[in-house]
Amino acid sequence: MAASMDLSKLFVREYEKNDGTVLKFYQSEIGDVGCVVWDAALVLSKYLETGDLCKRSGGTMQGKTVVELGAGTGAVGLVAASMGADVTVTDLAEFVPLMEHNIKENATSLTGKMHATTLTWGASISDGVPSAPDLVLLADCIYYEESLEPLVKTIHSLCCPTTRVLCCYEKRDTGNKPELERKFFELVEAVLNKQEIPHQRQDPHFSSDDIYIFEFRLKDITT
Ligand SMILES: C[S@@+](CC[C@H](N)C(=O)[O-])C[C@H]1O[C@@H](n2cnc3c(N)ncnc32)[C@H](O)[C@@H]1O
């Protein structure tokens, strides 16, 4: 069983939404990489707020079923739930208490339902995770070799023909990172179509030359 995280040493990062609402992302001083909010999570959150995705897919975030993978603090999921989506944030078991803490602390700003549960990439997907969600979100989840196949397997198994996957990541040039990125996209493109969200469609203030957003859909879906 995974060690549970020490929630006694938390520090907060405030996230101001475009409508002025402030969300609080609690991060932990102690723990693995998911304890803090990464820049890709902020870029993806601000992209959701642009409304670009909803313009293209019809409707709003209201009532959309969303699953976030490798959510860490649950930051992107919190923004989606504050826009009315019904969100399941997932990560390794040790992160569930931190995600639950963030859900509780932001409860008054969330208009959609939100809960946290364990989802280990490649493992069978538990009943607590909706099948065939409208949207799957990933921020900064391409970073180690052994996880690539399981991660792509999980993304693919969540997808139905109407599911859109938004994958945001920071391009890194050091060590084996370019090779990891190449391999991830090779695996993705075997089962999913990939389309880049150009920087002009992202939030003008929260975008960066080295942070990319891609949208994946099951192959042969054209709308
Ligand atoms: C770099 S962090 C990104 C966290 C968050 N998405 C963000 O951008 O702030 C990568 C996340 O992937 C999670 N992760 C890594 N391997 C995983 C696996 N095999 N199954 C599920 N989650 C995993 C980590 O626990 C961590 O929370």
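Because only heavy atoms are used, hydrogens play no part in the values below, and waters and symmetry mates are left out as well, while side chains stay in. Counting starts at 1 for both ligands and their atoms, in listed order. None of these values were measured; they are calculated from a predicted model. Each residue takes its place number in the sequence, starting with 1.
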**Prompt:** Which word best sums up how the rings of Tyr212 and Tyr169 line up, parallel for under 30°, tilted for 30 to 60°, or perpendicular for over 60°?
**Reply:** parallel
**Item:** Among Arg56, Lys194, Glu196, side-chain contact (heavy atoms from CB on, under 4.5 Å) partner for Glu215
**Value:** Arg56
**Asked** Between Arg182 and Glu186, is there a salt bridge with N-O shorter than 4.0 Å?
**Response** yes
**Fill in**
among protein heavy atoms, the one nearest atom 25 (O) of ligand 1 is Asp91 OD1, 2.7 Å
**Message:** Using a 4.0 Å cut-off to any heavy atom of Val37, which atoms of ligand 1 qualify?
**Reply:** 9 (O)
**Message:** Quick check on contacts: which atoms of ligand 1 are under 4.0 angstrom from a heavy atom of Gly72?
**Reply:** 27 (O)
**Message:** Looking only at protein heavy atoms, which one is nearest to atom 9 (O) of ligand 1, and what is the separation?
**Reply:** Trp38 N, 2.9 Å
**Fill in**
Phe95 heavy atoms within 4.0 Å reach ligand 1 at atoms 25 (O)
**Request:** Please name the pair of heavy atoms, one in Ala93 and one in Thr118, separated by the smallest distance, quoted to 0.1 Å.
**Result:** CA-OG1, 3.5 Å
**Those atoms of ligand 1 less than 4.0 Å from some heavy atom in Gly34** = 26 (C), 27 (O)
**Request:** Answer yes or no: is there an ion pair linking Lys183 with Glu145, defined by an N-O contact shorter than 4.0 Å?
**Result:** yes
**Prompt:** Above 12 or not: heavy atoms from other molecules or residues under 6.0 Å from CG of Asp209?
**Reply:** no
**Item:** Electrostatic pair Asp210:Lys171 at N-O distance under 4.0 angstrom
**Value:** no
**Request:** Check the pair Tyr47 / Asp203 against side chain to side chain donor-acceptor pair (under 3.5 Å), numbers first and verdict last.
**Result:** CA-CA 6 Å; Tyr47 172 68; Asp203 182 286; over 6 Å; no
**Fill in**
for atom 15 (C) of ligand 1, nearest protein heavy atom and its distance come out as Tyr143 OH, 3.1 Å
**Prompt:** What is the nearest protein non-hydrogen atom to atom 20 (N) of ligand 1, stated with its residue, atom name and distance?
**Reply:** Trp121 N, 3.0 Å
**Request:** Within a distance under 4.0 Å of any heavy atom of Val36, pick out the atoms of ligand 1 and give their elements.
**Result:** 9 (O)
**Message:** Below the 3.5 angstrom mark, is there an N/O of Asp140, backbone or side chain, next to an N/O of ligand 1?
**Reply:** no
**Under 3.5 Å donor-acceptor, Asp91 side chain and Ala71 backbone** = yes
**Message:** One residue to check: Leu119. Relative to ligand 1, which of side chain, backbone, both or neither has a non-hydrogen atom less than 4.0 Å away?
**Reply:** backbone
**Asked** Has ligand 1 got any nitrogen or oxygen that is less than 3.5 angstrom from a nitrogen or oxygen of Ala139?
**Response** yes
**Item:** Part of Ala71 within contact of ligand 1 (heavy atoms, under 4.0 Å)
**Value:** backbone
**Request:** Give the residue and atom name of whichever protein heavy atom lies nearest to atom 11 (C) of ligand 1, and the separation in Å to one decimal.
**Result:** Gly70 O, 3.5 Å
**Asked** Side chain of His199, backbone of Pro204: donor and acceptor closer than 3.5 Å?
**Response** no
**Complete:** atom 19 (N) of ligand 1 sits nearest the protein heavy atom Tyr144 OH, 3.4 Å
